[in-house]
Structure formats: C-alpha cells, structure tokens
Protein chains: 2
Amino acid sequence: MKTKRYTLKDIAELAHVSRGTVDRVVHGRGKVSKEAYSRVKQVLDKIDYQPNLVAQSLRKGVLHEIAVLMPGYNYEKYWKKPLLGVEKATNEYTPIGINIRTFLFNPSDSGSYREKYTKILNGRFSAVLVAPFFYKESLVFFEACKKSGLPYFTFNTYIENSGAVTHVGQDLVRSGRTAGSLMHKVLADGDEYLVVHINEELENSMHMQDKESGFRQFLAEAGVAPGQIHVLNIDISEKLEPPLLQKLGEVDALKGIYVTNSKVWMIAGILQQHELDRLLIGYDLLDENIQYLNAGKIDYLIFQNPQLQTSLGIQTIIDYLLFKQEIPDKTFFPVEIVIRENLKEFIT
Amino acid sequence: MKTKRYTLKDIAELAHVSRGTVDRVVHGRGKVSKEAYSRVKQVLDKIDYQPNLVAQSLRKGVLHEIAVLMPGYNYEKYWKKPLLGVEKATNEYTPIGINIRTFLFNPSDSGSYREKYTKILNGRFSAVLVAPFFYKESLVFFEACKKSGLPYFTFNTYIENSGAVTHVGQDLVRSGRTAGSLMHKVLADGDEYLVVHINEELENSMHMQDKESGFRQFLAEAGVAPGQIHVLNIDISEKLEPPLLQKLGEVDALKGIYVTNSKVWMIAGILQQHELDRLLIGYDLLDENIQYLNAGKIDYLIFQNPQLQTSLGIQTIIDYLLFKQEIPDKTFFPVEIVIRENLKEFIT
DNA sequence: ATTCATAATGTGCTCGTGAACACTATTTTA
DNA sequence: TAAAATAGTGTTCACGAGCACATTATGAAT
C-alpha cells in the first residue's frame, strides 16, 4: 500500500540520464536517442510512474479546463439544481487546478445551442459535459468533438451510440418499474391504474415512453391485466381537468395515478379541488410537488437528484482526465423514493 | 466571480514590504514592526487573501493527516462499506496532499479501542473521524482530544453533547417515521403492527429506541391506536422462532413487521419457512437481506448508505481544515427507501 | 564615537514539473 | 576541410508558499 512515489529526478538517476530526457520520454516529445529511450522506458515500466499532480498544477497554473453545456435555469427551473451541482464541483476542484466553464443555452432555441457549442469547440477544453438537448444538433457537435479529439460526456438525456465516454443519468425503465411496484403494493386486486403523460414541446417524449413501459412491465409480471391500465396523454397547452375528470368518472376502480414527469402537482391540484382521493405518484422535488407531498395529496415522488447528475458527471471526467481510470460507459444513479417522512434530507 | 488570486508577492508589492514580512504577518510569527504590520494588514483586509493550496501542498509534502477510527470489518461485516467510503476518499484526496490513516479496532474489545485512540493521540493528525462505539471510553478520548486541540468528528453513533465539530449520520427517529408511513400506506384500518428489536450485546440499544419512537409517533398521528402496536424484544443468543410465532398466533390482524436493525433476514427466513406472509420492513443492504428482498419476502429496506457516512465525513473534515467553512453540527443524509425495483443502483 | 545587541526586514533555497535555452557531438553541405 | 545544420543531452528558471538564514537598521551601552 505504501508505495513510494517516484519523481522525475529519481527516474533520471535510475536510468543514468538527465531529468530533461526523462521528461521528453514521458511526454513523447522526441529528440531522444534509442539507447536513452529504452533505458528510461525500462525504468518507467518497472516503477509505474505517477506524475505529481500537485506540482503539475502549480507549474501549469490550471491543469484542465472542463466545459459544461446545459440549459439555463431562467428558461426552465428544473435546471437550477443541475447548475448547483456544477457550482459544488467548481468550488471543490478550482483550488486543485481544475477550471469549470459553464455554457447555458436556451432550451427552446437550437440556435443558441449551436452558438454555445461553437464557443466550446473554439476554446481549449480538456473535456465537455453536455446535456444533449437537441438531437440532430448534438450529433453534429459530437462529430466535431471527435474530429478535434475532445472527449465528451453526456448527462440527463441519453442518446444511443452517441460515442460519449460516459453517460450519467437515471435508468428510466427501472424508475417506471419502481412506480409500478410502489403502487401495486398499496392497491387491491381489482383496482385499476392510470398513467398520465403531460407533454411539453420541449421535453423529450422518449423519456415518458420508457417510464410507461417499465411501469407496464412490472404490473404484467405482478399479474395485473393490461386492461386494468389506462393511459392519458394531455398536452400542457390544453386544459388538464376535463379529460382527467372524465376518465375518473368512467372508471370507478381507478385508484392509482402515475404521472410520468414533474408536472404531477397539476394533477394533485385538480384532485384536491374536487376532493378526490387517489394514490398519486410523480417525479421530482419541485416546490409545488413538495407542497402537495406534505399535504398528503401526493404519495410518492421519484427523485432524479439532478444535482448529482452534474457533480457526478464532473467527477467522472476528472477521474478520466487525471487518473485515466477505467470508466463505465453508463453511470446510473439511484431511483430515489421520497415520501413525506424522508423528504427533509433530500431538499437541503 | 472572476476574482484574481493574489500571491504573497502581490501583497508584498502592494504593501511595499518583502515576501517574508507578509508571510510573518499572515502566520502571526511576530518580528514585524507596527508600521509594516498595519500596512500589510490593510492590504490583507481589502483583498481576502487565500493561500494557494497547491503550492502549500507541494512545499509541505503533505498538507494534512486525517485519522479514521472505526471497527474492522473482519469482526462485523457491516463495517466493510464504511471502509470502502474511506478508501474512496483516500484515493480522491491523496494526490492533493491529504493523507488518511485508518485505525480499526475490535468492536467487542474496548481495550483495542483504547489502544488505537492512544496511537492517534500520539500521532500528529489534523483531525479525527471516529465511530464512538464505546460510550465511556469515547468520553475519555474526547477529553484528550480537547486537551491536545485535535478536532474530532463523529459518525454512525450519535453521542449527545459530545463536543464533536460535526456528527454525520442518519436521523433515526425520522427513519422510524418512514417505516411507519410505508407500512401504514399498505395496511388496512384494523390491521395491527409489530416492532421487533433483535439485540446484540454490541449494538447500541439507543438506536432501536429512537427508531421505535419515530415509528409510534407517525402511527399515532395517522390515527392508529397504541394498542394496535406490539413490540417484541429478542436477544440474538436465544431462538427467535418461538416468541415470533407465538405473537403471530396470538394476534391475527398482525399484518406488518418492522425490524429495527439489519437482522431482518432472520425474521424473513422464519416467515418463509412457515409460509407466512407479512409486510416486512428492515434495515441495510446485507447480502441476506437482498436475497429476501428479491424473493419478495422483505418488502422495504431502509438504507443508511454506510459508505456515504465516511466519505461525507472526510469531505466535511476537509472543508473544515482547508476552507474553514461553516460546518453544521449535524450532517444528516437521506433515509433511503429500497425496494426490489430500485435496488440495483444502490449496491454497485 | 565605537561596539554590541537586538529588532526588523529581505534573500535564497526547497518541493516536482514543464519548457525554454544552452551546450556538445555528430552528420551534412559547400 | 571548414562551416553549418541538426540530433541528443543537460541546465536553468518559473510556479507560490514556507522557512532558515543573511543582511540591515535602530537603539543601548561603553
């Protein structure tokens, strides 16, 4: 465990050359004779040289610059938490020579996305963490990254075969299964289930499909007939109330409602207004949702820990850059179940 | 945001003195004239000097040594995870000049505890993170720490008025409430509840009391009569089976069982053997528990994330030592609810 | 006024790395 | 063969803080 750390000077002595030569070998700068090279190489292979990061950092001023590309929270408040995660990581890593630059784009304007990623490509970054919000534009961006040898890491939105070193996010199918299981534990045998998708133009509808399929998957395994599961697609621009009330009127045994995104508070509001009592499950710790959770109108919230997405993402990048660690191509983090009783520690 | 970092040299120039004088003022080493002192002080006040940690670390070889005092996992496998947390933190912080030394004691031998903490007191540590397993011995240790000015941080076991800078742990009352709520959501109105304490000599029984009181607290608020809640105290050296079966035979409506520690798998085994079906809630992701969770015999596990206890503890210490941050006197982390469906990400 | 003590201040080296630079040895070109 | 080019190697400085040591200034004592 207590392996001595070798310095360039140590190696130089062992290989009977000067520090400069060792440096040239280590960094492959050339201008080294075959004999000197092989002697240094031999020593290097034997001792597993790890450069002193502290000294590197002191010398270079800044070891790495990392870019983060994500939507600004003034457009969508969901993004406030991920930004907090970035700030946390920034505070932690700045003193050791890692600079983090944040590029916020407008999530309803792909032009602003392009503009920001161009800046990143023109900067001199060691890596980039990106929420690939726009599909087509992201593919272009990824190609450009590859061309300039810039490693990219994605979070929040998963893109198949993106070529990213790692994706950090939540397993959506699993989160749907979790919702199904939670609901199934509480509901009785004959009760029926409702899945509500509340669409926004912005949000990726793939997300919701994955969640629904996980939900159905679990219930099927638990012996719930497909006919007991109802689905409601509502666009946010329409009124939510009429279709919901209609459905609840039609199906009397409908005892559980699963809302596949953070807009669950809207449903909670309608239920409260009409004094209806249903088991209600949704996503994310928005203020509105927390309020209804505390009031007992929402039973379970599934939490993506958006803050963790970015802080974990940045940490992964640093592991990659500094320690050349083996990085898994997907880093999932837990599907957290939040009820009123364990809420507190999640929101501080 | 983009505040320039001042160096000692910068300050020296601003105050028209030499680097050495600034150094003496910053460290209060004396040998400075009143005029020079006040000039430097003035500059210092204005610019908020933050010493360059990288340079400090390089110069001093190691910035801080932190001691961790906890039980070894060869005695109790529960402690394997906290140790992993220590290792994770070690890997992360060693390259920036923070050394972490672990002292493992035998949790059934207070002598070994004393022996290890003596070593720590004789070493030159900047801080210590301790699982204060033995109450009386810990008070002695804390006194000694105070005397020698060694800041101490506790985790896992909470000691009232310990004088620790921070305690890192889980809110036990809240975890009891959570168990109560989960169970109450599923059980019907007339159903009855059972709390099982499985004692080990080693474990602090305070823990279990806090959990039970949280459990009762919640159920009382939810309108469950105290008479509907039964308690079973079993010593691990006895046979668990007879008292449990007797209780279940006596009370027919007993539909939910809450085990206040990680020994829940023992109860699950008995239920399985006798083909009994009850809602079962317990603690921690031991292999045995996971097995029963997957088999559907355990419904919910409450998870303390033991790994997080130590890694968060060490991080807190570093914030304290390096950044002199305001540290809350208690750092709680979430009461995680684990079911079969969201298990996976918690165990990797 | 000169010597000595001491307070106050400045200088220089160290930590390990990176990079510019200087130097030597060998080969190429006129 | 002398001059020039180039390959190979070693030396030196800088990064910022900390600390030992050298230097200077100030006052006291003879």
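Chain naming here is simple, since letters A, B, ... match the order of the sequence lines and numbering starts at 1 in each.
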(message) As a test of reading the structure: which of dC19(D), dG18(C), dG16(D) is closest to the side chain of Asp23(B), going by heavy atoms?
(response) dC19(D)

(message) Closer than 4.0 angstrom, basic N to acidic O: yes or no for Asp10(A) and Arg5(A)?
(response) no

(request) Would you check if the side chain of Ser57(A) reaches a backbone N or O of Ile96(A) as a donor-acceptor pair within less than 3.5 Å? (result) yes

(message) If you compare every side-chain N and O of Tyr6(B) against the phosphate oxygens of dA17(D) (OP1, OP2), does one of them come in below 4.0 Å?
(response) no

(message) Can you measure Lys60(A) atom NZ to dG16(D) atom P for me and round it to whole angstrom units?
(response) 16 Å

(message) Centroid separation under 6.0 Å, is that true for the rings of Tyr320(A) and Phe153(A)?
(response) yes

(request) Would you kindly give the NZ-to-P distance between Lys9(B) and dA17(D), to the nearest whole Å? (result) 11 Å

(request) Taking only the side-chain nitrogens and oxygens of Tyr49(A), find out if one of them lies under 4.0 Å from OP1 or OP2 of dT17(C). (result) yes

(request) Check each residue of residues 51-58 of chain A for a non-hydrogen atom within less than 4.0 Å of any atom in DNA chain C, then write out the ones that pass by number, or none. (result) Pro51(A), Asn52(A), Ala55(A), Gln56(A)

(message) Measure CG/Leu44(B) against P/dA17(D) and give the value in whole Å, please.
(response) 11 Å

(message) Counting primed atoms plus P, OP1 and OP2 as sugar-phosphate and everything else as base, spell out the protein contacts along nucleotides 8-13 of chain C at 4.0 Å heavy-atom distance: B, S or - for each nucleotide, 5' to 3'.
(response) SBBBBB

(request) Round to a whole Å and report the spacing from CG of Leu8(B) to P of dA14(D). (result) 17 Å

(request) State the OG-CZ distance between Ser112(A) and Phe134(A), to the nearest 0.5 angstrom. (result) 6.5 Å

(request) Starting from C1' on dG16(D), measure out to NE2 on His27(B) and report it in whole angstrom. (result) 12 Å

(request) Give me the one residue out of Phe141(B), Phe125(B), Phe142(B) that meets ring-ring contact (aromatic ring centres under 6.0 Å, His included) with Tyr152(B). (result) Phe142(B)

(message) I want to know whether Tyr6(A) and Tyr49(A) have ring centres closer than 6.0 Å.
(response) no

(message) Quick one about Ser138(B) and Tyr113(B) (side-chain donor to acceptor, distance below 3.5 Å, no hydrogens or angles considered), yes or no?
(response) yes

(request) State the CG-CZ distance between Asn52(B) and Arg59(B), to the nearest 0.5 angstrom. (result) 14.0 Å

(request) Output, in order, the C-alpha distance, side-chain angles, deciding distance and verdict of side-chain contact (heavy atoms from CB on, under 4.5 Å) for Glu65(B) and Arg124(B). (result) CA-CA 7 Å; Glu65(B) 286 224 82; Arg124(B) 296 216 302 285; over 6 Å; no

(message) Output the rounded distance in Å from CD1 (Ile96(B)) to C1' (dC15(C)).
(response) 17 Å

(message) Rounding to an integer number of Å, can you tell me how far Leu322(A) CG sits from dT17(C) P?
(response) 14 Å

(message) Could you tell me how far apart Arg29(A) (CZ) and dA20(C) (C1') are, to the nearest whole angstrom?
(response) 11 Å

